[in-house]
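Side-chain atoms are counted along with the backbone in the values below, which use heavy atoms only and exclude waters and symmetry mates. Numbers here simply count residues along the sequence, with the first being 1.
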Amino acid sequence: MHNYRNFLPEELAAEPSFRRWILNNDPEEDALWAEWLEMNPDKRELVEKARHFLLNTEAAFDQISEDEIANEIYRLSHAIGEKKAKKMGLWMRFRPNWFQMAASVLLLIFAGWWFNKQTPSQQQSDQYKVILSQITEPLVKEENVTDKARLIVLADGSSVLLQPNSRITYPSNFEGSKREVFLSGEAFFEVAKNPDKPFFVYAHTLATKVLGTSFKVSAFEGDKEVKVVVKTGRVSVFPMTKEALATQQADDKLGGMILTPNQQIVFTPKELRLTRSLVPNPKLLELPIQSQSFEFKGTPITEVFETLEKSYGVKIIHDADVMKNCFLTASLSDEPLFEKINLICKTIGAEYEQLDASIIISSKGCF
C-alpha cells in the first residue's frame, strides 16, 4: 500500500483508494486502510481531516459538470507548462513531476468553481473579514506614498521593504500561533525564523506561508495576477479558499505548492491560472562553504547536473542510464544558468525544456 504519511488532507482526499473507502464503503479498501491506520496510528488526525474535507466537498463536486472539470484541467495543464494536454473527457497525460501536481489540480478545480460564484472583490473581502476577525491585537496600517522603497521592521524582527503605492496591515504584536500580515501592492519580505509560529502573507486571492526566509510578493489592486518570487528558503503558496486556509493554518508545516530559490509562481484568480516556473535569470545560491566551480574536464554528465542543481537550487531531470556515456569538458564560469544548459546540450547532442520549475533533459545517449 502507498505511503501516505506526508500527504496533506486535500491530497489524501483526492486519492482513488481513499475515496473508494470513504464514499463507497469498499470492503477491500476498508481492510487496507484499517491495516494502514494500525501501522500509522499517529496519522489518524490526517485521515479524519481528509474524511471531513472529502465529505464536505463531494456534494459541491457533484454540481460541477464534466465539461467544467475538463476545461479547468485543460487550462491548468497549459498554465504549468503542459503543451500536449488533451481536452476531451477527463484524461491527462502525466509527464515528469506531473504526479505531484494531481491533487493540486483537483483542489484548484474545486476552488475555482467556488471562486466563480462570486466577484473577485467579494472573494477577497470575505476571506479578509474572516481572518481579520480572528486577530485581537491592535492593527497597524502602513502605506508608502513616496517614490522610493520604505523599510518597515515588524515586532518579531522581520523586515518588509514596501514598494511605492503599496500598503501593508499587520498586528502590533504577533500573539498566538501565527504571524499574519495583509499586503496590497509589492513588498520584499525577510522573515525572522520561528518554526513554531508560521508567517502568513495574504495578498488578494493568494496566500503565502513561510517559517523563515526571504521572498517578494506582488499584488497590486489593479493587476490581474498575484506573483510570488523566492530568494532564499522555502515558501508555500495556496489560493485563499476556506478549505485551503483551514488546512494551512492548522499546523506549522509547509503545504500547498512549495517554492524554492529561483522559483516563482503567478496566480490569475479570474481565469484560475496557476503557473510555477523558474525566474527569468536564476541566480547563484549563496554557498559560503562550497566553492562554486564550473570547470569540467571529462566529467560524467550526471556530476555536471548535480553541480548545477546544488549551485542554483534547480532540479535537473535526466535519464542517468541513457546518458551514462556522456562526459563534458568545458569552462562555464560566467554564463547564466540557461546559457550553461544550452551549451551543455549542444555539446552532448541533447535537448532541454522547462517544466514546472524543473529542467528536463532529453537525450538518446552518447556513443
| field | Rounded distance (nearest 0.5 Å) linking atom CG of Leu355 with atom CD1 of Ile360 | value | 5.0 Å
| message | List the residues meeting salt bridge (charged side-chain N to carboxylate O under 4.0 Å, His left out) with Glu142, not counting sequence neighbours, and say none if there are none. | response | Arg150
| field | Close side-chain approach of Ser331 and Phe296, heavy atoms under 4.5 Å | value | no
| request: Tell me, please, whether Phe294 has Lys340 positioned over its six-membered ring: NZ or CZ under 6.0 Å from the ring centre and within 45 degrees of its axis? | output: yes
| request: Give a yes or no on whether Val160 and Phe220 share a hydrophobic cluster (residues Ile, Leu, Val, Met, Phe, Trp, Tyr; joining criterion: side-chain heavy atoms under 4.5 Å apart). | output: no
| Roughly how far apart are Lys227 NZ and Leu206 CG, rounded to 0.5 Å? | 13.0 Å
| For the residue pair Ser236 and Phe238, what are the closest heavy atoms and their distance? | OG-CD2, 4.1 Å
| message | So that I know where these two stand, are Phe18 and Trp36 an aromatic pair - ring centroids less than 6.0 Å apart? | response | no
| Joint cluster assignment, Val191 & Val153, ILVMFWY side-chain distance < 4.5 Å | no
| Can you tell if the side chain of Ser184 reaches within under 4.5 Å of the side chain of Phe182, non-hydrogen atoms only? | no
| field | Under the ring pair (Phe, Tyr, Trp, His ring centres under 6.0 Å) test, residues paired with Phe189 that sit two or more places apart | value | Phe215
| remark: Scanning both residues in full, the closest heavy-atom pair of Ser358 with Ile317 reads CB-CD1, 4.2 Å
| Donor-acceptor contact present, side-chain Asn24 to main-chain Asp26, <3.5 Å | no
| message | Going by salt bridge (charged side-chain N to carboxylate O under 4.0 Å, His left out), name the residues that satisfy it together with Asp319, two or more places apart in sequence or in a different chain. | response | none
| Under the side-chain contact (heavy atoms from CB on, under 4.5 Å) criterion, do Asp156 and Asn173 qualify, and how do the steps go? | CA-CA 8 Å; Asp156 67 334; Asn173 288 292; over 6 Å; no
| task | To the nearest 0.5 angstrom, please state how far the CD1 atom of Ile265 sits from the CD atom of Glu225. | result | 11.5 Å
| Are the side chains of Val140 and Thr169 in touch, meaning some heavy atoms are under 4.5 Å apart? | no
| remark: Residues Lys148 and Asn144: closest non-hydrogen pair is O-ND2, 2.8 Å
| Those residues that, when tested against Thr260, pass side-chain hydrogen bond (donor to acceptor under 3.5 Å, both in side chains) (two or more places apart) | Gln263
| task | Could you pull out all residues at least two apart from Cys366 that satisfy disulfide bond (SG atoms under 2.5 Å apart)? | result | Cys326
| Interatomic distance, Ile258 atom CD1 to Arg276 atom CZ [nearest 0.5 angstrom] | 8.5 Å
| field | Contacts of Glu190 that satisfy side chain to side chain contact (heavy atoms under 4.5 Å, CB included) - sequence neighbours left out | value | Ser159, Phe188, Ser214
| Among Leu183, Val201, Val181, Leu139, the one residue meeting side-chain contact (heavy atoms from CB on, under 4.5 Å) with Tyr170 | Val181
| request: Please confirm whether the backbone N or O of Tyr352 pairs with a side-chain atom of Ser362, one donor and one acceptor, at under 3.5 Å? | output: no
| What heavy-atom pair brings Ser158 and Phe199 nearest, and what distance separates the two atoms? | OG-CE1, 4.1 Å
| query | Do Phe305 and Ile361 come close enough that some side-chain heavy atom pair is under 4.5 Å? | reply | yes
| task | Find out whether Lys231 and Pro261 are in side-chain contact, i.e. whether some heavy atom of one side chain is under 4.5 Å from a heavy atom of the other. | result | no
| Looking at residues at least two apart in the chain, or sitting in another chain, which of them share a salt bridge (charged side-chain N to carboxylate O under 4.0 Å, His left out) with Glu137? | none
| About how many Å separate CG of Leu12 and CZ of Arg19, when rounded to the nearest 0.5 Å? | 11.0 Å
| message | Test of understanding: clusters of I, L, V, M, F, W, Y form through side-chain heavy atoms closer than 4.5 Å, transitively. Do Val228 and Leu161 belong to the same one? | response | no
| message | Looking only at side-chain N and O atoms, does Trp21 offer a donor or acceptor that is under 3.5 Å from a partner on Asp30? | response | yes
| task | Determine, for Glu45 against Lys49, whether the closest basic-nitrogen to carboxylate-oxygen distance falls under 4.0 angstrom. | result | yes
| So if you build clusters from Ile, Leu, Val, Met, Phe, Trp, Tyr with side-chain heavy-atom gaps below 4.5 Å, do Trp33 and Leu23 land together? | yes
| Partner set under salt bridge (charged side-chain N to carboxylate O under 4.0 Å, His left out) for Glu303, not counting sequence neighbours | none
| request: Decide side-chain contact (heavy atoms from CB on, under 4.5 Å) for Ile344 and Ile301; before the verdict, give the C-alpha distance in whole Å, the side-chain angles of both, and the deciding distance to 0.1 Å. | output: CA-CA 9 Å; Ile344 292 171; Ile301 202 65; 3.7 Å; yes
| query | Who else is in the cluster with Val279 when I, L, V, M, F, W and Y are joined by side-chain contacts under 4.5 Å? | reply | Val229
| request: Go through the steps to decide whether Lys310 and Leu308 satisfy the test side-chain contact (heavy atoms from CB on, under 4.5 Å), and finish with yes or no. | output: CA-CA 5 Å; Lys310 291 178 181 178; Leu308 295 178; over 6 Å; no
| task | For the residue pair Lys364 and Val322, establish whether any side-chain heavy-atom pair is separated by less than 4.5 Å. | result | no
| Which heavy-atom pair separates Glu180 from Pro171 by the least distance, and what is that distance? | O-CD, 3.1 Å
| Qualifying residues under side-chain hydrogen bond (donor to acceptor under 3.5 Å, both in side chains), relative to Ser363, sequence neighbours excluded | none
| query | Should we count CD of Glu143 as having more than 12 external heavy atoms under 6.0 Å? | reply | yes
| task | Treat each ILVMFWY residue as a node, draw an edge where side-chain heavy atoms are under 4.5 Å apart, and state whether Phe327 and Ile341 are in one component. | result | no
| query | Are side-chain heavy atoms of Lys197 and Ser177 found at a separation under 4.5 Å? | reply | no
| remark: So CG of Asn262 and OG of Ser277: to nearest 0.5 Å the spacing works out to 11.0 Å
| Does some side-chain heavy atom of Ile359 sit less than 4.5 Å from a side-chain heavy atom of Leu278? | yes
| said: Could you check whether any side-chain N or O of Ser166 sits under 3.5 Å from a backbone N or O of Pro164, counting only pairs where one atom can act as donor and the other as acceptor? | reply: yes
| Sidechain-backbone polar pair: Thr347 side chain, Leu343 backbone, donor-acceptor under 3.5 Å | yes
| field | Residue pair Arg179, Phe200: steps toward the side-chain contact (heavy atoms from CB on, under 4.5 Å) verdict | value | CA-CA 6 Å; Arg179 295 173 287 172; Phe200 291 84; over 6 Å; no
| query | In chain order, what residues pass the ring pair (Phe, Tyr, Trp, His ring centres under 6.0 Å) check against Phe174, with sequence neighbours excluded? | reply | none
| What residues form a side-chain hydrogen bond (donor to acceptor under 3.5 Å, both in side chains) with Asn40, not counting sequence neighbours? | Arg5
| field | Heavy-atom pair with the smallest gap, counting every atom of Pro198 and Lys209 | value | CB-CE, 3.8 Å
